[in-house]
Amino acid sequence: MPKLSLVVPVYKVQGYLPECLDSVLGQDYTDFEIIAVDDCSPDGSGAILDEYAERDTRIRVIHLTENVGLGRARNAGLEKAEGDYVLFLDSDDTLSAGALAAISDRLEATGNPEILIYDYARTYWDGRIRPNLRADLLKSDDETRTFSLAERPKLLDLLQIVWNKAYRRDFIARTGLTFPPGYYEDAPWTFCSLISAERIALLDRVCVHYRQRREGGNILKTVSRKHFDVFDQYRRVFDYLDAHEELAEWRGPLFRKMVDHYLTILERPGRLPQDARAEFFHRASADYRARLPEGFERPGGGRGHKYGMLERDAYATMVSAMTAVKFRQTARTRARTAINRSKRSAMGVFYQSQLRMPLDENLALFSAYWSRSVSCNPAAIDAELARLAPHVRRVWAIRPDAVARVPKGVDYVRVGSREYWAALARAKYLVNNVNFADAVVKREGQIHVQTHHGTPLKTMGLDQQKYPASTDMDFVKLLERCDRWDFSISSNRFSTVVWERVYPCSYTTLETGYPRNDVLVNAGPEDVRRARAALGLADGTKAFLYMPTHREYQPGFTPPLDLARFAKELGPDVTLLVRGHYFYGSSPHVAELRRTGRIVDVSGHPRVEELYLAADALITDYSSAMFDYAVLDRPIISYAPDWDVYSAVRGTYFNLLQEPPGAVATTQAELLRLLASGEYDNPETAERRDAFRRRFCEFDDGHAAERVVRRVFLGEQTPLPVVPFDERPHAPTPAQALELVERA
């Protein structure tokens, strides 16, 4: 049997769950088990648990058939625990490095106490770490000493939590401890265990990182009548005292904890509904009078005054006192609002006037790649919106220097013009694959759709804080922009988990697939032939699409591929389609190759999806193009000559060399050998590609744009079912397209 059992209740934490589990599984101490309890989570958390359990036998997963709440989910895990000690870990928190070894060592050094209390620190999205303000209570002159609570009663002043302690399992069984349902479930467990334990030990070391989620996630900060559950929790505490006369000395201290807790709920904004505050106060007052211990002395100062108001049930007096505090807070808020108004005035009087106009319920404003083109996911949504909801007017925001490239028939406004600001202010729907400018105000009733523009291999959002050499981003501003999102589009659960963690805002994730990839599923042989003809590719020509990505650590882009050598060694029947930066230089060899058609510069091509259709295979390094091209089930070659540098400087979410979508080359000679021999397309690379496609093309079944339009614009709540992976078509290869056209 393991020494330690970690019970991890799980509910709607898919963005943080992998980090939590990794923090446990990566410990140098290994004598433990994880009992993970899926509390009927509606997101992908349950699937994540199953994937981890398949890879590590130390994880046991319990899938509950209904949502029972945190306390009862812990009970379900507790019933299955087999370790000598039980630890609780919330599924968005993490263990610090070496935590389990330190806990085990201290348990052994202190002779296996009933409870070991260890320290924690709060961690924030911006990298801040704030220590426990009462960490001083965990200091001890003798680290091997144990004691009862009577010797250190101040420990009651620690935060009422269960996840900063290890509990001996036979102690839990002997005392009959279980978690009650409802809010504040930690209070009965924490107080009753501490006052019952005869031997408590301390570990003055941060073992848990307590995540402070920017977007909330803490039910105690939710306005609800569920906060009335606190009365039942303290009833359980005092029922326990009634059943254990030997613990009567704790009535006074626990009465003080109860009253402080009630006052905290009353004083904290964002907990009680306004129409429930008086009722809560009167119930708290009744508990006060019913449980007031003989000889109890109120605390001094303002706190004692509040105790007196509860004892007298003086709600009107309490309201007057709190109103005075609220008035001072309101004055400060108004001052901040005035400052914000003055800042917004810099946006222009015209924009301000338009923000006061009614929203146009049938206007949608689109933008892609910082308003440089009509393309990507927004363009695919635009086309499907025209089909399903033609009453919605569709307008694109386009930079003045990109107007010449706008396709005929597309309605657009120039960025910075009066028409642009009017559209931003009045459009009901705003769709973008990046963020709109900081100056844009999110109006009540507007709907912002963030489509993204690729599945992330490289780190994104807040994760880039770990790689400062890759960015000079203002992360506070970034998240303020992301706060405007109502919907975030995802093409796979991998992306969903990343987006929800690195952009921690209160949007709804739509796992629809990428709209721009619909054409890769639905295109027919004529579409493939047209795409190739537009590029001047003759029948029988092998076309490789080369799409290298940008390197932040290079001041200018130099291709790691000798294009002239490529053309020479692969022969006249091969054409290289190059999409990237302008890096060809003035080499006469390259110029000659371009004149002969052996190299085609497609960097300015407006629709990358047509390039995918035309190409027989893709050569790329770290570009998200690999995830989209995989929809076609055609060969992908990963050319990664600088993987060590790129992954160290930018950071990546998985090791491309170990989990590639096909063949891998790290030198030009190796790449040319793969291409010349045909080894890039064999059963082994096809098997890798299949695994890659199933992971990253999970929802790309050709109906992504339709799902987005039906959910966002038509308000349909039931999404179209995703076509099973093995039943999906995809566009034919160039060879297949030629055969089908000729046969027809």
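Because the structure is predicted, anything quoted here is derived from the model rather than measured.
Between Y612 and M547 there is a side-chain heavy-atom pair separated by less than 4.5 Å.
Between Y653 and D463, the side chains place a donor N or O and an acceptor N or O closer than 3.5 Å (distance only, hydrogens not considered). Of the N and O atoms on the side chains of H452 and S488, at least one donor lies less than 3.5 Å from an acceptor on the other residue. The closest side-chain donor-acceptor pair between E511 and T496 falls under 3.5 angstrom. For the residue pair T549/S623, the side-chain donor-acceptor check at 3.5 Å is not satisfied. Under the 3.5 Å distance criterion, with hydrogens and angles disregarded, a donor-acceptor pair is assigned to the side chains of H63 and D50. Counting only N and O atoms by type, the side chains of Y52 and D22 include a donor and acceptor under 3.5 Å apart. Side chains of S638 and D621: a donor-acceptor N/O pair is absent below 3.5 angstrom, by distance only. Counting only N and O atoms by type, the side chains of S495 and N492 include a donor and acceptor under 3.5 Å apart.
Salt-bridge annotation for R493 and E698: present, with a side-chain N of the basic residue lying under 4.0 Å from a carboxylate O of the acidic one. At a threshold of 4.0 Å, the pair K428-D360 does not count as salt-bridged, since none of the basic side-chain nitrogens sits closer than that to a carboxylate oxygen.
Of the possible polar contacts, one joining the Q465 side chain to the W125 backbone as a donor-acceptor pair under 3.5 Å is found.
A cation-pi arrangement is absent between R214 and Y503, since the terminal nitrogen or guanidinium carbon is not both under 6.0 Å from the aromatic centre and inside a 45° cone about the axis. A cation-pi contact links R418 to F350, judged by a cut-off of 6.0 Å to the six-membered ring centre and 45° from its axis.
For Y412, there are no ring pair (Phe, Tyr, Trp, His ring centres under 6.0 Å) partners two or more places apart in sequence or in a different chain.
Counting non-hydrogen atoms of other residues, nucleotides and ligands closer than 6.0 Å to CD of E480 gives a total above 12.
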